There are 2 protein chains.
Amino acid sequence: MKNQDFINKLRNSGLRPTKQRIKICEALFNTEKTFHFTVNDLAKMMQKNFNEKISLATVYNTLHAFKKKGYVKEISLGNDNSYFDTNISSHHHFYDTKTNELIDIDSSKIELKNIPNPPKGKSIKEIDVVINVENDSQ
Amino acid sequence: MKNQDFINKLRNSGLRPTKQRIKICEALFNTEKTFHFTVNDLAKMMQKNFNEKISLATVYNTLHAFKKKGYVKEISLGNDNSYFDTNISSHHHFYDTKTNELIDIDSSKIELKNIPNPPKGKSIKEIDVVINVENDSQ
DNA sequence: TTATTAGTTTATAATCAGTCTAAAGTAGAA
DNA sequence: TTCTACTTTAGACTGATTATAAACTAATAA
Ligand SMILES: [Mn+2]
Ligand SMILES: [Mn+2]
Ligand SMILES: [Zn+2]
Ligand SMILES: [Zn+2]
C-alpha cells in the first residue's frame with residue numbers, strides 16, 4: 001500500500017488526509033503483520049521511525065477517529081493504559097499480566113458454546129476472551 | 001455472619017481486624033447477593049450506609065489486601081476505573097458498555113472449547129469472558 | 001488564483017484514578 | 001503499661017486521558 005492509497009482511504013471515509021494522519025497510516029498499516037500498541041508507543045514510533053513529531057493530542061484524536069471508522073480496535077484490559085490493535089478481525093488474546101504482552105488468538109480457534117441470552121432489551125455487540133498467562137516459575 | 005466472624009476471618013489471614021476493615025467486611029460480605037462496585041462506590045457506601053468515613057487510601061489498601069487474600073476479585077474492563085466483585089467464584093460477565101452495568105454469568109453456563117496452548121514457558125492463570133452488550137435501539 | 005470556511009493540529013491546562021509519603025494512631029505481644 | 005510493627009490518614013504526586021483555544025491547513029467557492 002502506498003501513500004496515495006491512504007489518502008484515498010482517508011478521504012473516502014470523510015477524514016481529511018493530513019500529513020499526520022497519512023504518516024500514522026503508514027506506521028500502522030504498512031506492515032507485514034498486525035500489532036498491538038499503546039498511544040505512547042505510537043507517539044514514540046512516529047518520532048523515531050518516521051521522523052515526525054506528532055502531538056500526543058493528535059495521536060489520541062487520530063486513533064479515536066480510526067477506531068470509529070473501524071481501522072483499529074481498542075482492547076479491553078484492566079490495565080492503566082489502553083491498547084490498540086491493527087488486527088481488526090474478531091479475535092481473542094493471550095495476555096501476560098506481568099509483561100503486558102498481548103498475543104492474538106484467531107477467533108476460530110476458540111469455540112464458545114451455550115452463550116446465554118443477554119438481559120432483556122439488550123443485545124450482544126462483541127465477545128472478548130482474554131486468557132491471562134504468566135511465565136512458569138521454575 | 002456477625003462481627004466476630006469477620007474479626008476471626010481477618011485475624012486468621014494475617015490482617016489485623018481494624019475498625020475500618022471490619023466495617024468494610026460488613027458492607028461487602030453481609031449481603032444476600034454478591035455485587036460489583038468501584039472503589040468510589042464503596043467509599044461512598046461506607047459513609048452513607050455505615051456512617052463510617054474511611055479515607056480513600058484505606059479503601060484502596062483494604063481492597064488490595066482483600067484481593068490478595070482472595071476475598072474479592074478485580075474485574076478487567078477497558079474502562080477508566082476498575083471494578084471489584086464480591087463474587088469470587090470463577091465466572092464471566094455481561095457488560096453494558098453504555099451504562100457500565102455488570103451482570104454475572106455462571107462459569108458453567110459458557111463452555112469454552114479448544115482453548116489453544118499458551119505460548120511456550122507460560123501457563124494460564126485465568127480466563128475472562130466479557131460479553132459486551134447494549135440496549136436495543138428501538 | 002485567491003478568499004473563505006470548516007476541519008485539524010498543537011501546546012498547554014485541567015481532570016481523574018490510583019499511588020506514595022510521612023506523620024499520627026492502634027492492635028498485639030511482652 | 002510499654003513497646004513495636006502494622007495501619008490509617010490527609011495531602012502531595014503521578015500518569016493517562018480529555019478539554020481548551022489559538023494557529024494552521026485542506027477543501028471549496030469565487
Ligand atoms: Mn480511549
Ligand atoms: Mn488496583
Ligand atoms: Zn489482537
Ligand atoms: Zn461478577
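Sequence lines set the chain letters: A, B, ... in the order given, protein chains first and strands last, and positions in each chain run from 1. Treat the numbers as computed from the prediction; the structure is a model and nothing was measured.
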Heavy atoms within less than 4.0 Å of DNA chain C: which residues of residues 34-59 of chain A have one? Give them sorted by number.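 The answer is A:K53, A:I54, A:S55, A:A57, A:T58.
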Hey, does the side chain of A:H64 reach the backbone of A:T62 with a donor-acceptor pair shorter than 3.5 angstrom?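 Checking the backbone N and O of A:T62 against the side chain of A:H64, no donor-acceptor pair under 3.5 Å is found.
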What is the distance, rounded to the nearest whole Å, between atom [atom1] of [X] and atom [atom2] of [N]?
| X | N | atom1 | atom2 | value |
| --- | --- | --- | --- | --- |
| B:H64 | C:dT19 | NE2 | P | 5 Å |
| B:E74 | C:dA17 | CD | P | 14 Å |
| A:K69 | C:dG7 | NZ | P | 12 Å |
| B:L15 | D:dT7 | CG | P | 7 Å |
| B:K68 | D:dC6 | NZ | C1' | 14 Å |
| A:Y60 | C:dT12 | OH | P | 18 Å |
| A:I7 | C:dT8 | CD1 | C1' | 16 Å |

Salt bridge (Lys or Arg N to Asp or Glu O under 4.0 Å) involving B:K48 - partner list, sequence neighbours excluded: none
Considering only nitrogen or oxygen atoms on both sides, find all protein atoms under 3.5 Å from nucleotides 13-16 of chain C and state each distance.
none

With B:S90 via side-chain contact (heavy atoms from CB on, under 4.5 Å) - residues at least two apart: B:S107
Please list, chain by chain and in numerical order, all residues satisfying side-chain contact (heavy atoms from CB on, under 4.5 Å) with A:K69, sequence neighbours excluded. A:S13, A:L15, A:Y71
Which residue pairs satisfy the side-chain hydrogen bond (donor to acceptor under 3.5 Å, both in side chains) criterion with at least one member in residues 22-36 of chain B, sequence neighbours excluded? B:N3-B:E26, B:H36-B:D85, B:H36-B:H93, B:H36-B:D104
Partner residues of A:Y95 under the ring pair (Phe, Tyr, Trp, His ring centres under 6.0 Å) criterion, sequence neighbours left out: none
Tell me which residues in residues 18-28 of chain B lie within less than 4.0 Å of DNA chain D, going by non-hydrogen atoms. B:T18, B:Q20, B:R21
List the atom pairs, with distances to 0.1 Å, where a side-chain N or O of residues 111-124 of chain A and a protein N or O form a donor-acceptor pair under 3.5 Å, not counting sequence neighbours.
residue, atom, partner, partner atom, Å
A:K122, NZ, B:D96, OD2, 2.7
A:K122, NZ, B:N135, OD1, 3.3
A:S123, OG, B:D136, OD1, 2.8

Please list, chain by chain and in numerical order, all residues satisfying side-chain hydrogen bond (donor to acceptor under 3.5 Å, both in side chains) with [X], sequence neighbours excluded.
| X | value |
| --- | --- |
| B:Q47 | none |
| B:E134 | B:K98 |
| B:S76 | none |

Can you tell which of D:dT17, C:dT10, C:dG7 lies closest to the side chain of A:R16? C:dG7
Quick one: which of D:dT17, C:dT9, D:dT7 gets closest to the side chain of A:T62?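 Given the options D:dT17, C:dT9, D:dT7, the side chain of A:T62 is closest to C:dT9.
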At less than 4.0 Å, is any side-chain N or O atom of B:S82 found next to OP1 or OP2 of C:dA17? Yes or no.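 So the side-chain polar atoms of B:S82 never come under 4.0 Å of the phosphate oxygens OP1 or OP2 of C:dA17.
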Phosphate OP1/OP2 of C:dA27: any B:R11 side-chain N/O under 4.0 Å: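 No, no such contact exists.
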Does the Lys NZ or Arg CZ of A:K9 fall within the cation-pi geometry relative to A:F29 - under 6.0 Å from the ring centre and within 45° of the axis?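 Yes, cation above the ring, under 6.0 Å and within 45°.
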